[in-house]
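Quick notes on the structure that follows.
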Amino acid sequence: MIKDASGKRLSLAAPTALLEPWVLALEGAEDAWELDANLAGLDLRCLSDVKGHSSRARLKLFAPEPNVAVAFFYKPSQLPFSTDRFAYGALIHRRVAPTPEEVQAGLEFLRRGLHPEARPSALRRAFPFDIPR
């Protein structure tokens with residue numbers, strides 16, 4: 001389920017049809033995901049603990065151009081004054097929505113705190129567009 005910062009359950013509209021499978025999977029998930037409305041795109045944090053600690057793993061869903069949708073995996077810096085992000089890669093969907101298997105692999109990657117053993121096979125580390133803040 002998706003929640004806002006106050007803990008209220010949210011229902012979101014995907015910014016593009018290519019991202020609809022991500023939004024539906026997040027809304028139907030048993031674990032909680034917190035939306036950060038202050039950031040561009042749909043920026044969500046996994047609220048599941050990783051080895052007893054609060055997870056910093058984040059997912060940003062956005063459409064950089066028509067017929068392209070991106071699921072970007074990252075962690076924000078731990079320094080309070082820093083806006084740096086530590087990128088783990090992105091799943092890029094061009095003209096075709098992701099399969100349920102791709103979405104579940106991405107969500108499991110986030111649930112495990114972006115652990116390398118859970119890395120989705122289709123994850124890309126380089127892409128020709130900027131990631132919005």
Taking side chain as C-beta onward, heavy atoms only, is [X] less than 4.5 Å from [Y]?
| X | Y | answer |
| --- | --- | --- |
| Arg133 | Lys60 | no |
| Arg58 | Leu39 | yes |
| Leu91 | Trp22 | yes |
| Val70 | Pro64 | yes |
| Val103 | Leu24 | no |

Using the side chain to side chain donor-acceptor pair (under 3.5 Å) criterion, which residues pair with Lys75? Sequence neighbours excluded.
none

Mind checking what makes side chain to side chain donor-acceptor pair (under 3.5 Å) contact with Ser6, not counting sequence neighbours?
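So Ser6 forms a side chain to side chain donor-acceptor pair (under 3.5 Å) with Asp4.
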
Working to the nearest 0.5 Å, report the span between [atom1] of [X] and [atom2] of [Y].
| X | Y | atom1 | atom2 | value |
| --- | --- | --- | --- | --- |
| Leu123 | Glu102 | CG | CD | 11.0 Å |
| Arg112 | Cys46 | CZ | SG | 12.5 Å |
| Leu42 | Leu19 | CG | CG | 7.5 Å |
| Tyr88 | Leu59 | OH | CG | 14.5 Å |
| Ser55 | Leu47 | OG | CG | 8.5 Å |
| Leu114 | Phe109 | CG | CZ | 4.5 Å |

Is there a path of hydrophobic side-chain contacts, each under 4.5 Å between heavy atoms of I, L, V, M, F, W or Y residues, that connects [X] with [Y]?
| X | Y | value |
| --- | --- | --- |
| Leu110 | Phe72 | no |
| Phe73 | Leu35 | yes |
| Val23 | Leu10 | yes |

In terms of heavy-atom contacts, Glu108 and Ala118 come closest through O-CB, 4.4 Å

Nearest heavy-atom approach of Leu18 to Ala97 is CD2-N, 3.4 Å

Which pairs with one or both residues in residues 5-34 pass salt bridge (Lys or Arg N to Asp or Glu O under 4.0 Å), sequence neighbours excluded?
Asp31-Arg111, Glu34-Arg45

Candidate pair Leu61 and Leu26, rule side-chain contact (heavy atoms from CB on, under 4.5 Å), full reasoning:
CA-CA 12 Å; Leu61 301 172; Leu26 289 161; 4.2 Å; yes

What is the ring orientation for Phe129 with Phe62, classed by angle as parallel under 30°, tilted 30 to 60°, or perpendicular over 60°?
perpendicular

